[in-house]
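Residue numbers count from 1 along this sequence. Keep in mind it's a predicted model, so treat the numbers as computed, not measured.
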Amino acid sequence: MYKEIKQTRFKPTKPVLIWDGDCGFCKFWKTRWQLKTAEKIEYKTYQETAGFFEDIPLKEFKKASKLIEPNGKVYNGPNSAYRSLWYAGNKFWYNLFISNKLFKKVSKQAYNHIAKNRSFYFKVTKIAFGKNPRKLKHYWVFYLFLVILFLVLLLNF
């Protein structure tokens with residue numbers, strides 16, 4: 001489980017999302033977020049920037065993404081993703097995360113599970129959405145249809 005780091009004394013000039021550059025799953029979804037946020041957020045790997053934030057332990061960068069705002073406020077794990085979407089104009093997920101305890105708990109548990117099984121979820125992501133994060137293919141709709149069809153056939157026999 002990642003540690004909630006709330007503040008850093010090192011303040012970037014604009015919000016920066018720090019992610020694991022060695023993780024295919026992370027790179028795929030970082031690209032999706034980057035398309036949504038345009039130039040509002042800078043995206044850097046922890047491998048290239050962790051040294052600039054000396055008050056945040058390297059092991060914490062390895063466990064979860066971090067969004068660091070110009071005032072030094074740090075958002076961790078799923079909160080970093082939801083806060084990033086906030087910059088894209090989608091405030092729903094961030095507001096839900098900070099206001100709903102159940103959603104916050106489920107988000108953190110899901111994030112930790114995915115973080116521990118990144119290679120598996122990267123395979124699932126490519127199966128469900130294709131290999132190009134810039135042009136998603138919604139294969140998951142087809143898979144869902146097959147599952148529903150299978151269940152209907154199974155229940156009718």
Side-chain angles (χ1 to χ4, degrees), residues 1-21 23-46 49-50 53 55-57 59-130 132-145 147-148 151:
M1 176 75 105
Y2 61 90
K3 180 181 175 186
E4 289 282 341
I5 295 172
K6 299 190 184 295
Q7 192 77 28
T8 178
R9 68 178 183 268
F10 302 96
K11 298 171 172 77
T13 56
K14 72 189 238 183
V16 58
L17 182 76
I18 302 173
W19 57 285
D20 183 352
C23 169
F25 177 86
C26 304
K27 183 176 183 180
F28 186 99
W29 290 106
K30 180 274 309 183
T31 302
R32 292 296 309 155
W33 262 233
Q34 204 168 17
L35 292 170
K36 294 176 184 301
T37 61
E39 299 295 318
K40 295 175 185 165
I41 296 177
E42 194 173 348
Y43 292 83
K44 299 283 186 182
T45 66
Y46 81 76
T49 58
F53 299 97
D55 54 351
I56 301 175
K59 69 179 181 177
E60 294 306 322
F61 282 113
K62 291 179 179 181
K63 291 179 186 177
S65 61
K66 310 262 181 261
L67 177 72
I68 302 172
E69 293 187 334
N71 62 4
K73 185 162 172 118
V74 180
Y75 299 85
N76 305 273
N79 200 11
S80 70
Y82 299 140
R83 184 67 176 181
S84 296
L85 290 176
W86 184 87
Y87 279 96
N90 184 344
K91 297 181 178 16
F92 175 79
W93 297 109
Y94 174 73
N95 289 336
L96 184 62
F97 184 83
I98 61 171
S99 66
N100 186 297
K101 289 181 182 180
L102 179 61
F103 182 73
K104 182 182 243 181
K105 183 177 181 177
V106 169
S107 292
K108 286 182 174 185
Q109 292 297 324
Y111 187 94
N112 282 320
H113 180 74
I114 291 169
K116 291 177 183 173
N117 300 283
R118 293 176 187 176
S119 60
F120 170 76
Y121 283 104
F122 186 39
K123 290 175 188 168
V124 170
T125 295
K126 290 188 289 186
I127 290 169
F129 299 108
N132 185 351
R134 296 181 184 279
K135 295 184 181 190
L136 295 185
K137 309 278 189 209
H138 295 284
Y139 297 128
W140 64 270
V141 175
F142 176 71
Y143 300 134
L144 181 62
F145 172 75
V147 168
I148 291 170
L151 289 174

Do you know which two heavy atoms are closest between [X] and [Y], and how far apart they sit?
{"X": "Leu102", "Y": "Asn100", "value": "N-OD1, 3.0 Å"}
{"X": "Pro12", "Y": "Glu69", "value": "CD-O, 3.5 Å"}
{"X": "Ile5", "Y": "Asn76", "value": "O-ND2, 2.7 Å"}
{"X": "Ser107", "Y": "Phe97", "value": "CB-CE1, 3.8 Å"}
{"X": "Pro70", "Y": "Lys11", "value": "O-CB, 3.1 Å"}
{"X": "Trp19", "Y": "Cys23", "value": "CZ3-O, 4.4 Å"}

pair [X]-[Y]: side-chain heavy atoms closer than 4.5 Å:
{"X": "Tyr111", "Y": "Ser65", "value": "yes"}
{"X": "Leu67", "Y": "Ile41", "value": "yes"}
{"X": "Thr8", "Y": "Lys66", "value": "no"}
{"X": "Thr45", "Y": "Cys26", "value": "no"}
{"X": "Lys40", "Y": "Pro15", "value": "no"}
{"X": "Ile56", "Y": "Ile68", "value": "yes"}
{"X": "Leu85", "Y": "Tyr94", "value": "no"}
{"X": "Lys6", "Y": "Lys73", "value": "no"}

Tell me whether the centres of the aromatic rings in Tyr87 and Trp33 are closer together than 6.0 Å. no
If you measure from [atom1] on [X] to [atom2] on [Y], what distance do you get to the nearest 0.5 Å?
{"X": "Tyr82", "Y": "Asn95", "atom1": "OH", "atom2": "CG", "value": "12.5 Å"}
{"X": "Phe122", "Y": "Phe25", "atom1": "CZ", "atom2": "CZ", "value": "9.5 Å"}
{"X": "Ile98", "Y": "Trp93", "atom1": "CD1", "atom2": "CH2", "value": "14.5 Å"}
{"X": "Lys63", "Y": "Lys3", "atom1": "NZ", "atom2": "NZ", "value": "9.0 Å"}
{"X": "Tyr43", "Y": "Lys30", "atom1": "OH", "atom2": "NZ", "value": "8.0 Å"}
{"X": "Thr49", "Y": "Leu17", "atom1": "OG1", "atom2": "CG", "value": "9.5 Å"}

Does Glu42 use its side chain to pair, donor to acceptor, with the backbone of Ile18 at less than 3.5 Å? no
Assign the ring pair His113 / Tyr121 to parallel, tilted or perpendicular, where the plane angle (0 to 90°) is split at 30° and 60°. perpendicular
If the plane angle is over 60° it's perpendicular, under 30° parallel, otherwise tilted; pick one for Phe53 and Phe61. tilted
Does atom [atom1] of [X] have more than 12 heavy-atom neighbours from other groups under 6.0 Å away?
{"X": "Lys137", "atom1": "NZ", "result": "no"}
{"X": "Lys14", "atom1": "NZ", "result": "yes"}
{"X": "Lys27", "atom1": "NZ", "result": "no"}

Any chance the side chains of Gln109 and Lys105 put a donor and an acceptor closer than 3.5 Å? no
Between Arg83 and Trp86, is NZ or CZ placed under 6.0 angstrom from the six-membered ring centre and within 45° of the ring axis? yes
Start with the C-alpha gap between Lys36 and Asn90, add the side-chain angles, then the distance that decides, and say whether side-chain contact (heavy atoms from CB on, under 4.5 Å) holds. CA-CA 9 Å; Lys36 294 176 184 301; Asn90 184 344; over 6 Å; no
